[in-house]
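As the structure is a prediction and not an experimental result, all values here were calculated from the model.
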Amino acid sequence: MRCDELIKKLEQLAPPACACDWDNVGLLAGRSDKEVKKVFIALDATDEVVENAVLWGADLLITHHPLIFKPLNKINDKDFISRRIIKLIRNDISYYAMHTNFDAAPGCMADAAAEKLGLTELKVLEKEGVMQKETSEGQKETVYGIGKTGYLKKEMTVREIAALVKERFCLPFVTVYGEDAPGEPVRFVGISPGSGGSMIKPALEAGVKVFITGDIGHHNGIDAAANHMAVIDAGHYGLEYLFLDFIEEFLKKEAGENLEISKAEVEFPETFI
């Protein structure tokens, strides 16, 4: 399958139009006409990931976070980002990133994370727009955006919800801000995989009492607690590494035996000591 044919399938799943305007998604390096037989999937295009993709003989590298995020004035061996790009191109590996478009598109990151927690009655936390989505009943307008709200199967304390998040996402630890902030057990929660500091206000406006996300700083955490909302910080990586299995299953369904697929090892970047 050609690279551009495979990209067409990926963009039907998570259209680039769903991405935030500050983001950089799509084919970031390499040939669109390349024949793709081996795909390597990772969350980030780290040195190790690029090296493993090269050693495995990958034709296409797909990551969630884009390696090229800000404009590059120079591409040479003096910069760690440039070095990775040079290695990919030298080894004829095309490189595709699907970031906030995958975060926001219906059925993708936020829905998958909410499903892991068994949430029901899902709604978009922060609406970005409306798109046409193919359903069993034909074309249907679907709201897309960042994060989800939903209901747990039963009322739970903040500590119980934190334990559930830790279990379902197989996390070494989570951080909780405002364990006693809601004042009572809750069912209605919000989840926004990735860096969720900017989503605290939308979560509060939605009436969320427990918000599950990543990359929460001290001030964001205590401010949320002051507004009677607990925050469970499960880490940026912790809620998003589901991307690996999700894209693998999608490619198997769409391309079947035409592709060999390999994934980066699940390796949490933080160490709790």
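- The two residues V25 and A19 make their nearest non-hydrogen contact at CG2-CB, 4.1 Å.
- When atom types are taken as modelled, the side chain of Y241 and the backbone of F169 share a donor-acceptor pair closer than 3.5 angstrom.
- Contact annotation: the side chain of E128 never approaches that of C18 to less than 4.5 Å [non-hydrogen atoms, C-beta and beyond].
- Of the possible donor and acceptor atoms, one in the side chain of D233 sits under 3.5 Å from a partner among the backbone N and O of I216.
- Formation of a donor-acceptor pair under 3.5 Å by the N227 side chain with backbone atoms of D223 is found in this model.
- Checking side-chain atoms of D77 against main-chain N and O of R83 turns up no donor-acceptor pair under 3.5 Å.
- Considering every non-hydrogen atom in both P172 and K166, the closest pair reads O-CE, 3.4 Å.
- Hydrophobic clustering (side-chain heavy atoms under 4.5 Å, transitive across Ile, Leu, Val, Met, Phe, Trp, Tyr) keeps Y95 apart from M98.
- Smallest separation of non-hydrogen atoms from H65 and H236: NE2-NE2, 3.1 Å.
- Side chain of D111 to backbone of P106: no donor-acceptor contact under 3.5 angstrom is found.
- Using a 4.5 Å heavy-atom cutoff, the side chains of Y144 and V124 are not in contact.
- For CD of E248, the number of neighbouring non-hydrogen atoms (other residues, nucleotides, ligands) closer than 6.0 Å is greater than 12.
- With H64 contributing its side chain and A97 its backbone, the two residues share no donor-acceptor pair below 3.5 Å.
- The main-chain N or O of A255 is found under 3.5 Å from a side-chain atom of N258 such that the two form a donor-acceptor pair.
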Steps toward side-chain contact (heavy atoms from CB on, under 4.5 Å) verdict (E249, K253): CA-CA 6 Å; E249 291 304 311; K253 180 181 176 182; over 6 Å; no

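- Using a 4.5 Å heavy-atom cutoff, the side chains of I68 and I85 are in contact.
- Linking ILVMFWY residues whenever their side-chain heavy atoms come closer than 4.5 Å, directly or via other members, leaves L67 and Y96 in distinct clusters.
- Following chains of ILVMFWY side-chain contacts shorter than 4.5 Å, one cannot reach I62 starting from I89, and the two form parts of different hydrophobic clusters.
- Between the side chain of Y237 and the backbone N or O of E267, at least one donor-acceptor pair lies under 3.5 Å.
- The existence of a salt bridge linking R2 and D33 is excluded, since no basic side-chain nitrogen approaches an acidic carboxylate oxygen closer than 4.0 Å.
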Criterion side-chain contact (heavy atoms from CB on, under 4.5 Å) on I212 and I161, from CA distance to verdict: CA-CA 9 Å; I212 304 149; I161 298 171; 4.3 Å; yes

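- Each of L239, T100, I191, L242 was evaluated against M109; a single residue qualifies, L242, per the side chain to side chain contact (heavy atoms under 4.5 Å, CB included) test.
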Assess whether side-chain contact (heavy atoms from CB on, under 4.5 Å) is satisfied between K87 and R84, documenting all intermediate values. CA-CA 5 Å; K87 181 172 283 192; R84 296 174 195 172; 5.7 Å; no

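- Heavy atoms only, all atoms of each residue included: D44 and T63 are closest at C-CG2, 4.0 Å.
- Taking CG of L6 as the start and NZ of K34 as the end, the distance is 12.5 Å to the nearest 0.5 Å.
- Under the 4.5 Å side-chain contact rule for hydrophobic residues, V186 and F211 do not share a cluster.
- Within 6.0 Å of CD in E205 there are more than 12 heavy atoms belonging to other residues, nucleotides or ligands.
- Taking the side chain as every heavy atom from C-beta outward, K74 and D79 never approach each other to under 4.5 Å.
- Residues I7 and S32 fail the side-chain proximity criterion, which asks for heavy atoms closer than 4.5 Å.
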Where do M199 and T213 land on the side-chain contact (heavy atoms from CB on, under 4.5 Å) test, with the steps shown first? CA-CA 9 Å; M199 297 300 293; T213 188; 5.8 Å; no

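- With hydrogens and angles disregarded, no donor-acceptor distance shorter than 3.5 Å links the side chain of S94 to the backbone of L27.
- Annotation: side chain of I93 is not in contact with side chain of F40 (no heavy-atom distance under 4.5 Å).
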Pair K9-E5, salt bridge (Lys or Arg N to Asp or Glu O under 4.0 Å): steps then yes or no: CA-CA 7 Å; K9 293 181 180 294; E5 294 172 334; over 6 Å; no

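- In terms of hydrophobic clustering, with Ile, Leu, Val, Met, Phe, Trp and Tyr side chains grouped at heavy-atom distances under 4.5 Å, L13 and F243 are assigned to a common cluster.
- To the nearest 0.5 angstrom, E35 atom CD is 11.5 Å from D92 atom CG.
- Checked by atom type and distance alone, the side chain of N76 pairs as donor or acceptor with a backbone atom of K78 at under 3.5 Å.
- The CG atom of L251 sits 6.0 Å away from the CG atom of L259 when rounded to the nearest 0.5 Å.
- One finds the CG atom of N24 at 12.5 Å from the NZ atom of K70 (value rounded to the nearest 0.5 Å).
- Atom-to-atom distance recorded for I81:CD1 and D47:CG is 8.5 Å, nearest 0.5 angstrom.
- For the residue pair V39 and W56, the shortest heavy atom distance occurs at O-CZ3, 3.4 Å.
- Residues F268 and C170 come closest through the heavy atom pair CZ-O, 3.5 Å.
- Counting only heavy atoms from C-beta outward, the side chains of I200 and M229 approach each other to under 4.5 Å.
- For the atom pair NE2 of H99 and CG of L28, the computed distance is 11.5 Å after rounding to the nearest 0.5 Å.
- Here the side chains of S192 and I146 are in contact, with some heavy-atom distance below 4.5 Å.
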